[in-house]
Protein chains: 2
Amino acid sequence: MPSRLCPGVVSFETARDIDITRSRVCDSATMTTLSPDGAAGARKVRRATMNDVARLAGVSIKTVSRVVNDEAGVHPATAERVLAAIDQLGFRRNLSARNLRRGSSTGTVGLVLEDVGNPFYSGVTRAVEEISRLRGRQVITGSSDEDPVRERELALEFCSRRVDGLLIVPAGLQHGYLVPEMRAGTPVVFLDRPAGDVVADTVLVDNVGGTTEAVLHLASFGHRRIAFLGDAPDIFTANERLRGYREGCARAGIGFHESLVVMGPHDEVSVREALHRLRRGADPATAVVTGNNRITVHALRALAGAASRPALVGFDDFELADLLSPPVSVIAHDASALGKAAADLLYARLDGDGSPPRRVVLPVRLVARGSGEVRA
Amino acid sequence: MPSRLCPGVVSFETARDIDITRSRVCDSATMTTLSPDGAAGARKVRRATMNDVARLAGVSIKTVSRVVNDEAGVHPATAERVLAAIDQLGFRRNLSARNLRRGSSTGTVGLVLEDVGNPFYSGVTRAVEEISRLRGRQVITGSSDEDPVRERELALEFCSRRVDGLLIVPAGLQHGYLVPEMRAGTPVVFLDRPAGDVVADTVLVDNVGGTTEAVLHLASFGHRRIAFLGDAPDIFTANERLRGYREGCARAGIGFHESLVVMGPHDEVSVREALHRLRRGADPATAVVTGNNRITVHALRALAGAASRPALVGFDDFELADLLSPPVSVIAHDASALGKAAADLLYARLDGDGSPPRRVVLPVRLVARGSGEVRA
DNA sequence: GAAGTGGTGGACAGCGTTGTCACCGAGGAG
DNA sequence: CTCCTCGGTGACAACGCTGTCCACCACTTC
């Protein structure tokens, strides 16, 4: 057993540094049955084609095609021979060649997002996959890591693969590169953020409304010094949420104070420092709105040991928010609803919907759990 | 603003029921610039081919190919004309046709897992994607939802698409269907669980060792009535962890009691009931080992309001475990390490590694945070 | 003037499929 | 016996691209 007992209480670790050199390796002797080829390995072997099957079965290639495609008009005995040959050779129809010849769709859609590893986007991915499954299509994903160049590479690569449609969480603001693709008939739907300079279907969440609501909610508990910790303002959602914050301040009649706003990019340290700064001095912040779930989590960690806590409302819901103490109030929106709405829009286009581009804004909900319901 | 203020404190909700019919829709009039085609839409248009480009540029198709592929020996002026034509027609090389002709790889690998939406697997996905990116390959994913039929469909579909390799989190125990594919030279690596009846590369985590360690850890704090809540025993990892639990009980000298084991499938209700049952009576459990992160979370929710809590160690780490009170002790293993190890193995095969199939067992780590360090 | 030489471009085949059309032999109608 | 139908089958081209090979046009060199 390679790991040892840890006697003490240690802080959170992601176990990212597990030492792979200490991994155990068993050889095949301890394993069972059914080796695919004595000594296995990826020897580069030409795959059997219909031609090979045809030769072996003593029929023409066309007959093989008929059998493979379940076309009528093949003598049962012939079909039998063909199937036996297929089995013997391990033949599997080459979909690329098929699609090429038929000029039909490739049965794939491309999904470009910021990071598949982020739970929010993996929820989106799952929803897209689910809808695509019903439509008989496969999903190819790629993570842009918020890099416009990478986004472009991915999207165009997908186009070269002739995806039937493209779902994109935009990383940048320039999407002119997609115009030829769209003109060529590839529908594109933008998710979570709009494209900068292209008119296309877009699915967003109500960033402004949600943040406004968060501020009003906090103000209704008597808070007048409400801070906002947001992501880098060149990210669409961050900027929108900042707008919502301003709007909320205005509507609550508490004024907008530059000094209460700290935009990112944020990491654990910067959030900690920002909170520290905001909460000292003569007129400290008594409440905080955090601009996304990463920032919320950083904030919670920074406040973990603190004697007093500001009231807190976070944008984005996250698992276990209800089990923390106090439970965290959030502006919730649903990754799978976002993915579903976008996929539905895409498939409507693929079904021939030629109406003008739509912009769908999904509602958000304030989920009050406790952290935001504290009197000033 | 479609949503309203929620005055009270409500319990956790996933916002899954957001009403899409209340979504706002803006028409394109409110949008900006650069419409791809006056009235857009996915009119099915034949995409420009090299032939079209050649005609327009007044050169042969081969010359276009040369330009597109940056081959030497094209007069700059000719290249210029070709590039202009490409631009005008929005031509983009068809990768399927190219790969078909060249007999080269499709530059894709297939990843079949249980659910992309699950944070653990999305971590795996991200790692696989990252490695694949370095190798210039795209990843196609599919979720089997623990259904062997679906897994098989996905894997074979991927093979039809001629993926260069396959990474599979097995849903069932029969994988003979992959033998022809493996024999045809498609390398397959199994992740997280072994295949039932095929010898192939496999990457696992140390399920037995981890659970044993959890039990010994709890026993070291004086617990002698340690319960185990595990997933359905036909799932490999669940069964292995049960084995580890037995082993731990044996080594701790506390005996194995059938009545302290409750295997799944589990949902929130069944976990709640199981815990309730285990903790009453004359000789109640004073400690619990939970068999995966879902079960751990269910257990935490069930215990949230309770007056007294059993000591708890969960298999699988999860975000925020350190911020709960008490912080949750876990057996941690790393999704991205798993994905990376599997991808590395796959690419080694693609690079020609013909050695016998390997089984890699990644170590796990006990991360003691508090919930498990409670005296009996 | 004949024979190389290097730079430029095209004709053609073929990757693995499928759509079109034509063929062949058996059987039924006239 | 001829004509026609019809089930079963195959030859062939083509999908979009690239590898091979060859043609052509200056030029240079003997």
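Quick note on labels: first sequence line is chain A, next is B, and so on, each numbered from 1.
Annotation: side chain of L111(B) is not in contact with side chain of I140(B) (no heavy-atom distance under 4.5 Å). Looking only at side-chain heavy atoms (C-beta outward), V203(B) and V189(B) come within less than 4.5 Å of each other. Using a 4.5 Å heavy-atom cutoff, the side chains of V188(B) and D201(B) are not in contact. With a 4.5 Å cut-off on side-chain heavy atoms, L178(A) and L166(A) count as touching. Contact of the T63(A) side chain with the I61(A) side chain is not registered, since no non-hydrogen atoms from C-beta on lie closer than 4.5 Å. Looking only at side-chain heavy atoms (C-beta outward), Y347(B) and L134(B) stay at 4.5 Å or farther from each other.
What separates CE of M50(A) from P of dC15(D) is a distance of 19 Å, to the nearest Å. The distance from atom CZ of R47(A) to atom C1' of dT17(C) is 15 Å, rounded to the nearest whole Å. R98(B) has its CZ atom 12 Å from the C1' atom of dG19(D), to the nearest Å. What separates CG of N51(B) from C1' of dA11(C) is a distance of 13 Å, to the nearest Å. Atom C1' of nucleotide dG16(D) and atom CZ of R161(A) are separated by 16 Å, given to the nearest angstrom. Here the P atom of nucleotide dT18(C) and the CG atom of L100(B) are 12 Å apart, to the nearest Å. For the pair N99(B) CG and dC15(D) C1', the computed distance is 15 Å after rounding to whole Å. Rounded to a whole Å, the CZ atom of R162(A) is 7 Å from the P atom of dC17(D).
Smallest separation of non-hydrogen atoms from R47(A) and G90(A): NH2-O, 3.1 Å.
Regarding contacts with the backbone of dG19(D), a side-chain N or O of R102(B) is found under 4.0 angstrom from either OP1 or OP2. Applying the 4.0 Å criterion to OP1 and OP2 of dG16(D), one finds that T49(B) has every side-chain N and O outside that range.
Listed by residue number, there are no residues of residues 86-94 of chain B with a heavy-atom contact under 4.0 Å to DNA chain C. Near DNA chain C, meaning a heavy atom under 4.0 Å away, the residues from residues 61-83 of chain B are K62(B), T63(B), R66(B), G73(B), V74(B), H75(B), T78(B).
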Extract from the structure each pairing of a protein N or O with an N or O of nucleotides 23-28 of chain C at less than 3.5 Å, listing the distance.
none

Identify all pairs in which a protein N or O lies below 3.5 Å from an N or O of nucleotides 22-27 of chain D, and state each distance.
none

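Judged purely by distance below 3.5 Å, without hydrogens or angles, the side chains of S122(A) and Y121(B) never pair a donor atom with an acceptor atom.
Take F190(A) and apply the ring pair (Phe, Tyr, Trp, His ring centres under 6.0 Å) test, not counting sequence neighbours, and it matches H175(A). Taking S65(A) as the reference, M50(A), K62(A), N69(A) meet the side-chain contact (heavy atoms from CB on, under 4.5 Å) condition, with sequence neighbours excluded. For R66(B), there are no salt bridge (Lys or Arg N to Asp or Glu O under 4.0 Å) partners at least two apart in sequence or on another chain. The side chain to side chain donor-acceptor pair (under 3.5 Å) test applied to E71(B) returns no partner, not counting sequence neighbours.
Atom CZ of R152(B) has 12 or fewer neighbouring heavy atoms from other residues, nucleotides or ligands inside a 6.0 Å radius.
Between the two ends of the helix from dG1(C)-dC30(D) to dG30(C)-dC1(D), each summarised by a five-pair axis, the helix axis turns through 70° (rounded to 10 degrees).
Within the structure, salt bridge (charged side-chain N to carboxylate O under 4.0 Å, His left out) pairs that include any residue of residues 82-104 of chain B comprise E181(A)-R92(B) (at least two apart or interchain). Pairs engaging residues 135-171 of chain B under the ring pair (Phe, Tyr, Trp, His ring centres under 6.0 Å) rule: none recorded [sequence neighbours left out]. Within the structure, the salt bridge (charged side-chain N to carboxylate O under 4.0 Å, His left out) test picks out the following pairs touching residues 128-147 of chain B (sequence neighbours left out): R126(A)-D145(B), R126(B)-E129(B), R126(B)-E130(B), E130(B)-R133(B), R135(B)-D351(B), R137(B)-D164(B), E146(B)-R193(B).
Residue R101(A) places a side-chain atom within donor-acceptor reach of the base of dT18(C), judged by atom type and a 3.5 Å distance cut-off alone.
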Between Q138(A) and R161(B), is the side chain to side chain contact (heavy atoms under 4.5 Å, CB included) condition met? List the steps.
CA-CA 10 Å; Q138(A) 231 88 54; R161(B) 291 191 186 281; 3.4 Å; yes
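Nearest-nucleotide positions on DNA chain C place G58(B) closer to the 5' end than the other of L95(A) and G58(B).
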